[in-house]
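So the structure is just underneath, and the comments pick up after that.
Convention: sequence-line order gives letters A, B, ...; per-chain numbering from 1. Values in this document were obtained by computation on a predicted structure and should not be read as measured data.
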Amino acid sequence: MKEARYGDFEYEGRGHPEVRDYVQIAVALCVVIALELTVYYLLAPVALVVPLLGIFAAIKFFIIGSWFMHLRFDSRIFRRLFLSGLVLAVSVFLATLLMFVLATPPPRT
Amino acid sequence: MSAHVPAVPEAHEHHTSTGLSNNKIAIWAFLGSECLFFGSLISTYILYHNQTNGGPTAAETYNIPFTAIVSFVLVLSSMTAALGLLALQKGDHKAFRAWIAATALLGMIFIGGQAFEFTHLYEEGFTIQTSPLASSFFVLTGFHGGHVTVGILMLLGLLAMSLLGRLPQEDAHRAELVILYWGFVDIVWVIIFTVVYLIPTLGRG
Amino acid sequence: MVSTTLPVRKPRYLRRTAKTGLWSWVVTVDHKRIGMLYGATAFLFFLVGGIEAELIRLQLARPNGHVVSADAYNTLFTMHGLTMIFLVVMPMGVALMNYIVPLQIGARDVAFPRLNAFSYWVFLFGGLFLYSSFLLGGAPNGGWFGYAPLSTGDFLPGDGMTFYSLGLQMLGIASLAGAVNFIVTIINMRAPGMTFMRMPLFTWMSLVTSFLLLFAMPVIAVALFEMMFDRVFGADFFNVAAGGDPLLWQHLFWLFGHPEVYIMILPAMGIVSDVIPTFSGKPLFGYPAIVFAGIAIGFMGWGVWAHHMFAAGLGPVANSAFTLSTMMIAVPTGVKIFNWLGTMWGGSLRFKTPMLFAIGFVMMFVVGGLSGVTHAVVPSDYEQTDTYYVVAHFHYVLFGGSIFGLFAGLYYWWPKFFGHMLNETIGKLHFWVMLIGFNLTFAPMHILGLQGMPRRIYTYPGNMGWNIPNFVETIGALIIAASILVFIANVVLSRRREARAELDPWDARTLEWLTPNPPPEHNFDEIPLVRHRDELWHRKYAPTPEGVPTRIIAGGERTAADAPAHEAHGIHLPSGSYMPVMAAIGLPVTAYGLLFFPPLIGLGLLIILTGFFGWVLEPQTVEEGY
């Protein structure tokens, strides 16, 4: 038997998803999209819908990352590399957009 | 095991310091970098989402049902891509090729959809020159489409390698690069779908 | 289990590789050769950027100068900045990283040798592309930070700023590819026992630099794409009339631009942190502190970008926040200064040329760092923005800092690259002439700036009280030029006269000196087993019972040179490949297509695609191709 190499489908000794899992995940994602559309078309108050849509997007993001990109089975190093980029991007761009809001003078009345 | 173990550094990867594949560290670092790339583009879009320059607004322009269908296609392609990788990891080369071909095909459907959408928008007078909104829309979704296109080319490359016998089971981590990249492209679409299409057009329905 | 063995057959395609001659340099994937290519190219660009600087200084030597026209002046200062930043300091750092990092961590090559070659060729073609603008209708003339709306087609209609957006885009691709490569190399290719906290400082700082590049390059890429779409396709990103916001350019540019500052200085800090312990005969004082200070600078470098934009009117909240963060980033930088001082304190100092440059680095960098802190205070920054005070500040950190640090590295590792030393006497002359010239040029700029002389004016009237400092600066600039000639003379003379370098000419502490000078293609016959920080030193010295380190004769320095030749068998390195060059050539072709002749875009993309497909499908070694 050959020695362990990557490509062995045990990710970091934490197993791996099976065909069934992948299909279920895809179904779950489709359900979330359907929910998004339902909320989008049926619910009225924007203040409620925007956070809901944000949460749905985050759920889809999380599911794809942890299953289809199998981060939950794989080495922490990968997770950290990806998260460092993601967290950095979210923080600097939130700060940037916030500065645009702060720098805009209040409309004169 | 196989007599073919190329004696070059990349083949000795089981001697790496972390025990992980060079390729996979590289792709995850690159995807981290891509977060900043799409972060810049998405922030530009958010900044300009109301700058219509007298042209059409987002709500007047986008076709949500069409975009929703495209979203399903992309989710499906992520599944086929993941299944393809699983097949290769288990040594089922035929299934691998079939899933990868299916993924590339779904990707092409997505690109076809985008081409259709862009043409339609141009005909309606919503072009890259119309307004900051339009510029940021086309550049953001265009770069996403570009990423999908590169992904399709890489999937075809995998297919070619597999058919030439250059993608043995133990090199599945090479195929994994493409599959991870493909998953990321899907993730970006998740954000685009919500931020670009859904939120700015709310209340139109 | 199914194995896929390649059947024996004829090579599928021509795989022209060579070990010597010009072609061997084109197809090389050896990190040492690529490092040399980077270094040589960066030095040539250094001369070009230097000539531009001399022209600027000649123009400003006297009031109402007539050496160059106003237009030419705009081009000169823009190209001087772009050249020195993107074509000199960054690639010179990368040159040393390429050559030294794999040796310092005990690796045979970088993780992706062909990607490494690709980075170099893209860098070279990007630089040549940028300079080809002089022949093709005007070079960039909107300043190195290309502020919108000045840089839009309405105000600078020629092709110059389009060359800027496309050229920098290519250089960014090169840097990004290099960054991924070095991150993987340093994380994953270390010799057994080389834990993170045993890594030499230059390797550490290369890792931090690579992460900064990894995350900063995509931001500038987007800014440049937006500029390019504005200029080539008539998009409205920075078109104020259509509702575009020029502040967006500033934010994206400085989101990249401030990490970029640390990208330029951190490799130099790493070099100095390796040089000073060697010539002080002491281990680096506070190794963990200096490592974490480097990481902290890398992190905090992301939270200070808006201090470049205080004068843009961001509002009091943003200005205050960025004042605070900017002042805080001085703390880890100060920690490093004290580490270097603490290393020298009580050491047995040897003032060889690399050490002189390293000390020069510390001193000049402190001056630049202090004037930097004065910018952090918003009211004081309002006074200094766009004056010569800023020019003085960033030359003290980039020339007094980075360039001095890089010269320290060049003198230190020269025997490693070429097998012979650089002459000490001429080297010291080089250092002193450069130090004097540098201070004559840039110190008076502080005063000129506070007197209100704006940067980027092509001339000034004679009654402003600026005449004498400006004249002194020009003299200083000529002295710097003389010092570079001294360096060139040193390189030429030493090549003929200096004896072959000993194995470990500086009594160094890190692994790269375990190999012969220059190292064989595979670096190490046997990958060393690392047991200590400063591994090489511990192989040379052991404490006596009284605790005094004494030289041991146990053959600790046994190197590749002593090893029987047959050990090199069984080490297979990847063969040369022309695919990286091919893929890289496609980029300028595409860029010229965007500028002049759209069908070239298709051709360029086709070349890139062919290059990459060839790259993926070609076997790693020639033997495999049969």
Donor-acceptor pairs under 3.5 angstrom involving side-chain atoms of residues 233-243 of chain C: please list them, not counting sequence neighbours.
unit_1 : atom_1 : unit_2 : atom_2 : d
C:D236 : OD1    : C:N239 : ND2    : 3.2
C:D236 : OD2    : B:S131 : N      : 3.2
C:N239 : OD1    : C:A241 : N      : 3.2

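- Considering CE of B:M161 and CZ of C:F613, their distance stands at 10.5 Å, rounded to 0.5 Å.
- Within a 6.0 Å sphere centred on CH2 of B:W99, other residues, nucleotides and ligands contribute 12 heavy atoms or fewer.
- For residues 104-116 of chain B, an interface with chain C (any heavy-atom pair closer than 4.5 Å) does not exist.
- Expressed to the nearest 0.5 Å, how far OG of B:S43 lies from NE2 of C:H251 amounts to 11.0 Å.
- Checking side-chain atoms of B:S33 against main-chain N and O of C:L214 turns up a donor-acceptor pair under 3.5 Å.
- In this structure, the portions of B:L153 lying under 4.5 Å from any heavy atom of chain C include both its backbone and its side chain.
- Within the structure, every pair that satisfies the ring-ring contact (aromatic ring centres under 6.0 Å, His included) test and touches residues 207-228 of chain C, not counting sequence neighbours, is listed here: B:F143-C:F225.
- Heavy-atom pairs under 4.5 Å with chain B peak, among C:I183, C:I105, C:D245, C:V180, at C:D245.
- Distance CG/B:L41 to CD/C:E226: 6.5 Å, rounded to 0.5 Å.
- Only the side chain of C:L609 comes within less than 4.5 Å of a heavy atom of chain B; its backbone N, CA, C and O stay farther away.
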How far apart are the C-alpha atoms of C:M189 and B:N22, what are their side-chain angles, what is the distance that settles it, and do they pass the side chain to side chain contact (heavy atoms under 4.5 Å, CB included) test?
CA-CA 9 Å; C:M189 306 282 282; B:N22 281 347; 3.5 Å; yes
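- Chain C is approached within less than 4.5 Å, heavy atom to heavy atom, by B:I128 from residues 118-128 of chain B, ordered by number.
- Interatomic distance, B:T18 OG1 to C:R190 CZ, rounded to the nearest 0.5 Å: 7.5 Å.
- Comparing B:T44, B:I27, B:L133 by heavy-atom pairs within less than 4.5 Å of chain C, the highest count is held by B:T44.
- Comparing C:A221, C:G244, C:P218, C:A223 by how many heavy-atom pairs each has under 4.5 Å with chain B, the most go to C:P218.
- Heavy-atom distances place the side chain of C:L176, and not its backbone, under 4.5 Å from chain B.
- Contact count against chain B (heavy-atom pairs under 4.5 Å) is highest for C:I187 among C:L252, C:T185, C:I187.
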